[in-house]
Novice: 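One structure coming up, written as structure tokens, with questions to follow.
Values below: every heavy atom of this structure, side chains too, minus hydrogens, waters and symmetry copies. Proteins get letters first, then strands, A, B, ... in listed order; numbering begins at 1 in each.
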2 protein chains.
Amino acid sequence: MVPTITWQDDYVVMIDQRKLPFKESYVVCKTPAQVVSAISKMVIRGAPAIGVAAAMGLSLGASRIKSQNRSTFERQFLRICQQMARARPTASNLFWAIQSMQEVLKQHPKAGVAELKDLLRKKADELLAADQAINRAIGLNGQIVIPDGATVLTHCNAGALATAGYGTALGVVRAACEAGKKIQVLADETRPFLQGSRLTAWELQQDNIPVTLITDSMAGYLMSKGRVQLIVVGADRVAANGDVANKIGTYSLAVLAKENKVPFYVAAPLSTVDLSVPTGEEIPIEERDPKEVTHSLGKAIAPTGVAAWNPAFDVTPNRFIKGIITEKGIAREPYKKTLRAMKEENA
Amino acid sequence: MVPTITWQDDYVVMIDQRKLPFKESYVVCKTPAQVVSAISKMVIRGAPAIGVAAAMGLSLGASRIKSQNRSTFERQFLRICQQMARARPTASNLFWAIQSMQEVLKQHPKAGVAELKDLLRKKADELLAADQAINRAIGLNGQIVIPDGATVLTHCNAGALATAGYGTALGVVRAACEAGKKIQVLADETRPFLQGSRLTAWELQQDNIPVTLITDSMAGYLMSKGRVQLIVVGADRVAANGDVANKIGTYSLAVLAKENKVPFYVAAPLSTVDLSVPTGEEIPIEERDPKEVTHSLGKAIAPTGVAAWNPAFDVTPNRFIKGIITEKGIAREPYKKTLRAMKEENA
């Protein structure tokens with residue numbers, strides 16, 4: 001599996017997820033502004049991957065600061081952090097990663113600029129490595145809920161490409177396969193950006209995990225026909241009460257899952273849980289360019305001039321969620337209590 | 001508005017709905033086999049339009065029969081009917097139209113071949129004209145349920161292009177506009193064939209009815225945000241108990257509508273109601289080429305070799321449906337009784 005994001009000397013290199021699976025090309029970011037742009041244009045996407053990219057982008061930015069004066073360095077670094085925070089609004093990992101990087105400065109009040117640059121690079125490397133380990137843990141914790149022989153439905157791509165590797169929702173799928181379970185995946189294509197048909201289908205194909213593609217509109221019907229045993233999706237932000245912001249369409253799946261008694265799970269690292277946001281109502285939902293809806297892979301699918309709406313995420317209320325699979329175990333109702341306990345254990 | 005289907009001398013001419021809205025081209029059918037092919041390849045689609053096309057195709061077929069012997073004529077005509085019946089399996093209007101045409105023969109046991117050809121042409125013309133009148137009646141009956149100022153969500157295309165003109169679900173929308181109501185339409189794009197983005201958006205644009213395009217996955221979220229006041233869709237077949245087969249994704253909308261207390265209506269002529277089918281369970285659901293899912297407008301959207309599933313319709317159980325709008329009025333629960341009464345009144 002190609003890495004989602006990596007260092008090449010001190011450049012940040014990402015596989016261009018807008019082009020997959022048709023073209024395996026790479027975007028080389030030589031400045032933090034290029035990382036911001038790569039995140040906002042979805043060269044890289046998926047909450048955990050966005051977090052890692054932001055950390056690496058900040059380290060890159062720090063390394064480019066010329067001043068040897070600590071307070072000048074801090075001021076310039078803060079400005080880069082502010083630019084990074086505007087890359088995308090919904091994924092909480094972005095803000096978590098920025099905060100983690102800023103804490104390096106607080107933790108080393110006496111360090112000089114050169115030392116801080118080293119420490120920030122070390123922190124970014126740590127977050128990159130930790131993300132892969134966290135996904136392995138999510139996989140192990142989550143795979144127990146997947147019955148042998150199950151058809152598992154997923155939405156968007158919460159796989160290796162959405163993370164530093166292995167994946168969250170697809171990490172659970174991978175761990176179930178590694179545990180010897182014979183399962184198959186139903187992948188929603190996930191319009192408008194087609195993360196399901198382009199990325200999830202491709203990732204699973206590479207790993208020889210059986211995958212069948214459907215349009216987003218088919219999931220409910222398949223549930224009603226008993227063709228789905230479990231749903232697992234990722235998350236872009238989890239509120240303190242367990243409401244989950246995730247790719248547009250997730251809410252619909254969750255409602256349909258409840259109607260059809262299909263267990264609906266969310267898999268996400270604790271870095272995606274934002275205790276500062278009490279409920280899903282307060283999570284900002286990004287609206288993207290309507291052109292993503294009037295077009296598909298750059299080709300017009302609607303008459304010229306038609307209006308379109310393009311919310312990138314929706315919010316699934318906690319009552320539809322059977323469990324939130326994290327690196328510390330599966331959080332269950334009451335989420336307000338269980339999520340806080342896991343976060344505190346984590347801190 | 002361009003006609004969906006028309007005679008040109010004694011050829012059947014259809015606007016090619018696979019090419020809209022990008023190209024306004026026409027398919028000229030000179031044989032009944034070409035009409036069968038046009039239906040199965042979705043040059044023309046939508047249950048009422050399929051019914052009209054079948055009737056016209058049978059008249060065309062009858063006119064091509066060379067024998068002057070009535071029983072030879074009947075045998076050959078029956079064979080054409082059998083071919084026509086295999087064009088698509090779900091829309092009940094196809095079978096209803098074939099039966100209507102066959103009844104012409106039964107009603108005129110003494111007629112010669114030349115007279116039968118005239119009678120069949122007359123019957124096809126009647127069905128074509130009747131469909132437009134029926135849609136106007138559906139519109140008038142249905143528009144009363146649409147509140148002034150409402151945002152009306154629709155799926156697929158149940159418009160002029162799905163009928164001989166005016167439309168069923170979009171007929172209701174048009175009638176509401178003609179009644180002076182200020183409404184706007186949210187159109188699901190309706191993957192995989194994109195009837196919403198290509199046909200519904202185009203039709204409404206032509207009529208200056210405000211329309212906003214969304215992906216199929218966005219409808220549930222918009223309902224949860226109070227942005228949808230009413231849903232109206234068409235139908236491919238309505239069972240005796242009011243279960244409705246319609247474009248894949250309809251069931252999901254209906255479940256989400258119930259969850260969010262949005263009234264969900266179906267608009268269809270009584271020719272779509274099939275009393276011989278007790279419940280939706282018995283309605284045959286067409287599965288189409290997986291390539292429609294792995295591609296969008298002919299362009300690959302998934303890696304080569306990935307499996308896909310492509311059910312063209314789903315079944316919405318009657319408990320999710322607030323009313324079925326027909327040319328005789330709005331059928332309400334218990335549908336088994338109300339639909340039968342309307343059909344008998346119609347007969």
Novice: Just checking heavy atoms, which of residues 301-309 of chain A are less than 4.5 Å from chain B?
Specialist: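 The stretch touches chain B at A:Ile301, A:Ala302, A:Pro303, A:Thr304, A:Gly305, A:Val306, A:Ala307, A:Ala308, A:Trp309.
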Novice: If you count heavy-atom pairs under 4.5 Å between each of B:Gly196, B:Gly249, B:Pro210 and chain A, which one has the most?
Specialist: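 That would be B:Gly249.
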Novice: If you count heavy-atom pairs under 4.5 Å between each of B:Leu213, B:Val255, B:Leu253, B:Val315 and chain A, which one has the most?
Specialist: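 When all of B:Leu213, B:Val255, B:Leu253, B:Val315 are compared, B:Leu213 has the most.
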Novice: Between A:Asp216 and chain B, which part of the residue has a heavy atom less than 4.5 Å away: side chain, backbone, both or neither?
Specialist: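 Side chain of A:Asp216 only, per the 4.5 Å heavy-atom cut-off to chain B.
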Novice: Are any of the side-chain heavy atoms of B:Met218 and A:Pro311 separated by less than 4.5 Å?
Specialist: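 A side-chain contact exists here, since the closest heavy-atom pair is under 4.5 Å.
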Novice: Rounded to the nearest 0.5 Å, how far does CG of A:Leu194 lie from OG of B:Ser296?
Specialist: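 It comes to 7.5 Å.
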Novice: State the CG-CG distance between A:Asp314 and B:Leu222, to the nearest 0.5 angstrom.
Specialist: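 With rounding to 0.5 Å, CG (A:Asp314) is 9.5 Å from CG (B:Leu222).
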Novice: Give, as side chain, backbone, both or neither, the part of A:Asp188 having an atom under 4.5 angstrom from any heavy atom of chain B.
Specialist: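 For A:Asp188, no heavy atom lies under 4.5 Å from chain B.
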Novice: Could you tell me which residues in residues 279-286 of chain B have at least one non-hydrogen atom under 4.5 Å from a non-hydrogen atom of chain A, sorted by residue number?
Specialist: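 Listed by number: B:Glu281, B:Ile285.
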Novice: I'd like to verify something: which residue of A:Leu186, A:Leu256, A:Ile214 has the highest number of heavy-atom pairs under 4.5 Å with chain B?
Specialist: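 Highest number of heavy-atom pairs under 4.5 Å: A:Leu256.
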Novice: Using heavy-atom distances under 4.5 Å, tell me whether A:Ala187 contacts chain B through its side chain, its backbone, both, or neither.
Specialist: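 No part of A:Ala187 comes within 4.5 Å of chain B.
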Novice: Just verifying a value: how many Å separate A:Met223 CE and B:Ser252 OG, rounded to the nearest 0.5 Å?
Specialist: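 It comes to 7.0 Å.
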Novice: Under the salt bridge (Lys or Arg N to Asp or Glu O under 4.0 Å) test, which residues partner A:Arg198, sequence neighbours left out?
Specialist: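 For A:Arg198 there are no salt bridge (Lys or Arg N to Asp or Glu O under 4.0 Å) partners, ignoring immediate neighbours.
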Novice: With side chains defined as the heavy atoms from C-beta onward, is the minimum distance between A:Lys299 and B:Phe22 less than 4.5 Å?
Specialist: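 When only atoms from C-beta onward are counted, B:Phe22 and A:Lys299 do not touch, as no gap falls below 4.5 Å.
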Novice: Could you tell me the separation between the CZ atom of A:Arg191 and the CZ atom of B:Arg191, rounded to the nearest 0.5 Å?
Specialist: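 These two atoms lie 7.5 Å from each other.
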Novice: Considering only heavy atoms, give the residues of residues 224-243 of chain B separated from chain A by less than 4.5 Å, sorted numerically, with 'none' for an empty result.
Specialist: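 Heavy-atom contacts from residues 224-243 of chain B to chain A are B:Ser224, B:Lys225, B:Arg227.
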Novice: With rounding to the nearest 0.5 Å, note down the distance linking OG1 in B:Thr212 to CG in A:Asn310.
Specialist: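 Between B:Thr212 OG1 and A:Asn310 CG, I get 12.5 Å after rounding to 0.5 Å.
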